[in-house]
*Asks:* 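Let me begin by handing over the structure; questions about it come next.
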Amino acid sequence: YSKLLLSYDFWNSFKEHKYALIYQTDGYCIGGNLKQFIEMDYDYIGGPIISPNARWFNVPAIGNGGVSLRKIETMLEVTDPNGEFMKCSKEDIDRHNKANGNMYEVYEDLYFAQLVPMLWEFKKPKFDIGAAFSFDMNADYVYDMVKDNKLPLFAHAYDKNIRFWQNHISELDN
């Protein structure tokens, strides 16, 4: 899956579109307005990545990929093997991968959410916008961090946070 999403050919097949919504099978649409996030014109929007055991990325990071909105043009720029990003960054990408056990090849969302912004001008939101878009890991913790305890547009990996989501999504309370 990560190799697919890190592939220029994959993104090139969507080149006639402006955005792609990645929505994995463990996603859940709570409801809201996707268009407002498209109009923000970010390169990449994903929920906060919060992990108490994170040693290889900055926490909280914004950009969980399971439910994410990605600008096709930017995805093409940062995956093109002959493009400017790769020409300028290949050595840095390899160095980061080696130092971090190839995690940027294993976790495509960390590649886009964590590594690419360190090496390239990449527009992604701050915590409040990411949390308004989706929750993933540690939904209860993210919920407590969000102003006015608002739910996001999407939940990702809701089954891993089922106790939390059962309190907020009546359809899951069975």
Side-chain angles (χ1 to χ4, degrees), residues 1-30 32-51 54 56-137 142 152-157:
Y1 176 80
S2 285
K3 284 185 179 187
L4 177 67
L5 267 67
L6 290 168
S7 162
Y8 176 81
D9 291 335
F10 173 77
W11 294 108
N12 196 42
S13 67
F14 300 102
K15 67 184 173 196
E16 68 275 3
H17 301 286
K18 186 167 183 181
Y19 283 94
L21 175 67
I22 302 296
Y23 189 88
Q24 293 178 352
T25 58
D26 59 348
Y28 189 93
C29 182
I30 296 166
N33 184 354
L34 179 60
K35 186 177 179 184
Q36 79 180 41
F37 292 99
I38 292 170
E39 290 171 350
M40 292 177 186
D41 200 38
Y42 286 108
D43 293 320
Y44 185 104
I45 302 176
I49 301 170
I50 298 203
S51 176
W56 28 259
F57 64 93
N58 299 324
V59 175
I62 300 302
N64 178 273
V67 177
S68 55
L69 185 66
R70 305 174 193 214
K71 188 184 282 185
I72 303 299
E73 177 183 6
T74 305
M75 297 298 105
L76 287 167
E77 286 177 12
V78 299
T79 59
D80 184 349
N82 302 310
E84 196 63 32
F85 174 72
M86 287 298 178
K87 286 180 191 172
C88 296
S89 306
K90 181 73 171 114
E91 192 173 299
D92 286 328
I93 292 168
D94 291 344
R95 185 172 40 81
H96 280 280
N97 254 331
K98 185 176 180 185
N100 294 290
N102 292 325
M103 69 161 218
Y104 296 111
E105 290 177 3
V106 175
Y107 302 106
E108 59 80 25
D109 52 356
L110 293 182
Y111 175 83
F112 293 115
Q114 191 77 10
L115 184 58
V116 172
M118 288 191 293
L119 305 173
W120 193 255
E121 189 175 321
F122 192 77
K123 187 178 174 194
K124 67 180 196 140
K126 302 273 187 222
F127 176 85
D128 60 331
I129 302 293
F133 183 76
S134 69
F135 289 4
D136 181 73
M137 294 185 221
V142 174
L153 175 61
F154 297 105
H156 177 239

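All of these numbers come straight from a predicted model, not from anything done at the bench. All heavy atoms count here, side chains included; hydrogens, waters and symmetry mates do not. Note that the numbering runs from 1 along the sequence shown for the chain.
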*Asks:* Donor-acceptor check, side chain of Tyr8 to backbone of Asn82, threshold 3.5 angstrom: yes or no?
*Replies:* no
*Asks:* A side-chain contact here means heavy atoms from C-beta on lying under 4.5 Å apart; do Thr79 and Phe112 qualify?
*Replies:*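 The answer is yes; the side chains approach within 4.5 Å.
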*Asks:* Can you name the closest pair of heavy atoms from Gly46 and Ser68 and give their distance?
*Replies:* CA-CB, 4.3 Å
*Asks:* Is there side-chain contact between Tyr44 and Thr74, with heavy atoms separated by less than 4.5 Å?
*Replies:*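 Contact flag for Tyr44/Thr74 side chains = no.
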*Asks:* Kindly compute the distance separating CG (Leu69) from CG (Leu34), expressed to the nearest 0.5 Å.
*Replies:* 6.0 Å
*Asks:* Carefully, step by step, assess Lys124 and Asp43 under the rule side chain to side chain contact (heavy atoms under 4.5 Å, CB included).
*Replies:* CA-CA 6 Å; Lys124 67 180 196 140; Asp43 293 320; over 6 Å; no
*Asks:* Where do Trp11 and Leu76 come nearest, in terms of heavy atoms and distance?
*Replies:* C-CD2, 3.6 Å
*Asks:* Are any of the side-chain heavy atoms of Ile22 and Asp109 separated by less than 4.5 Å?
*Replies:* no
*Asks:* Can you see which heavy atom on Val78 is nearest to which on Met86, and at what distance?
*Replies:*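 In this case the closest contact between Val78 and Met86 is O-CE, 3.5 Å.
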*Asks:* Give a yes or no on whether a salt bridge exists between Asp41 and Lys18, defined as a side-chain N under 4.0 angstrom from a carboxylate O.
*Replies:*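 Yes, this pair counts.
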*Asks:* I would like to know whether Ile49 and Met137 meet side chain to side chain contact (heavy atoms under 4.5 Å, CB included); could you show each step before the answer?
*Replies:* CA-CA 6 Å; Ile49 301 170; Met137 294 185 221; 3.6 Å; yes
*Asks:* Under 4.0 Å between a Lys/Arg side-chain N and an Asp/Glu carboxylate O for Lys90 and Asp94?
*Replies:* yes
*Asks:* Treating Asn64 as the side-chain partner and Gly47 as the backbone partner, does any N or O pair qualify as donor plus acceptor under 3.5 Å?
*Replies:* no
*Asks:* Could you pull out the closest heavy-atom pair between Ile72 and Ala20, with the gap in Å?
*Replies:*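 Minimum heavy-atom contact is CD1-CB, 3.6 Å.
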*Asks:* Given the rule in the side chain to side chain contact (heavy atoms under 4.5 Å, CB included) test, do Ser2 and Val106 qualify, once you have shown the distances and angles that lead to the verdict?
*Replies:* CA-CA 6 Å; Ser2 285; Val106 175; 5.7 Å; no
*Asks:* Do you know the tightest heavy-atom contact between Ala131 and Val142?
*Replies:* CB-CG1, 4.1 Å
*Asks:* Nearest heavy-atom pair of Phe154 and Ile30: which atoms, and what distance?
*Replies:*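 So the minimum-distance heavy-atom pair works out to C-CD1, 4.1 Å.
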*Asks:* Taking the side chain as everything from C-beta on, heavy atoms only, tell me whether Phe85 gets closer than 4.5 Å to Asp80.
*Replies:* no
*Asks:* Within a 6.0 Å radius of atom CD on Gln36, are there more than 12 heavy atoms belonging to other residues, nucleotides or ligands?
*Replies:* yes
*Asks:* Under 6.0 Å from the ring centre and within 45 degrees of the ring axis: does the NZ or CZ of Lys123 meet both conditions for the six-membered ring of Tyr42?
*Replies:*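 Yes, Lys123 lies over the aromatic ring of Tyr42.
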*Asks:* Determine whether Tyr28 and Val67 satisfy the following criterion, side chain to side chain contact (heavy atoms under 4.5 Å, CB included), listing intermediate values before the conclusion.
*Replies:* CA-CA 9 Å; Tyr28 189 93; Val67 177; over 6 Å; no
*Asks:* Can a side-chain donor-acceptor contact be found between Tyr107 and Gln114 if the only test is distance below 3.5 angstrom?
*Replies:*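 There is no such pair between these side chains.
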*Asks:* Over 60° means perpendicular and under 30° means parallel, so classify the ring planes of Phe14 and His17, tilted if in between.
*Replies:*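 The arrangement is tilted - the two ring planes meet at 30° to 60°.
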*Asks:* Does a side-chain heavy-atom distance below 4.5 Å link Met118 with His96?
*Replies:* yes
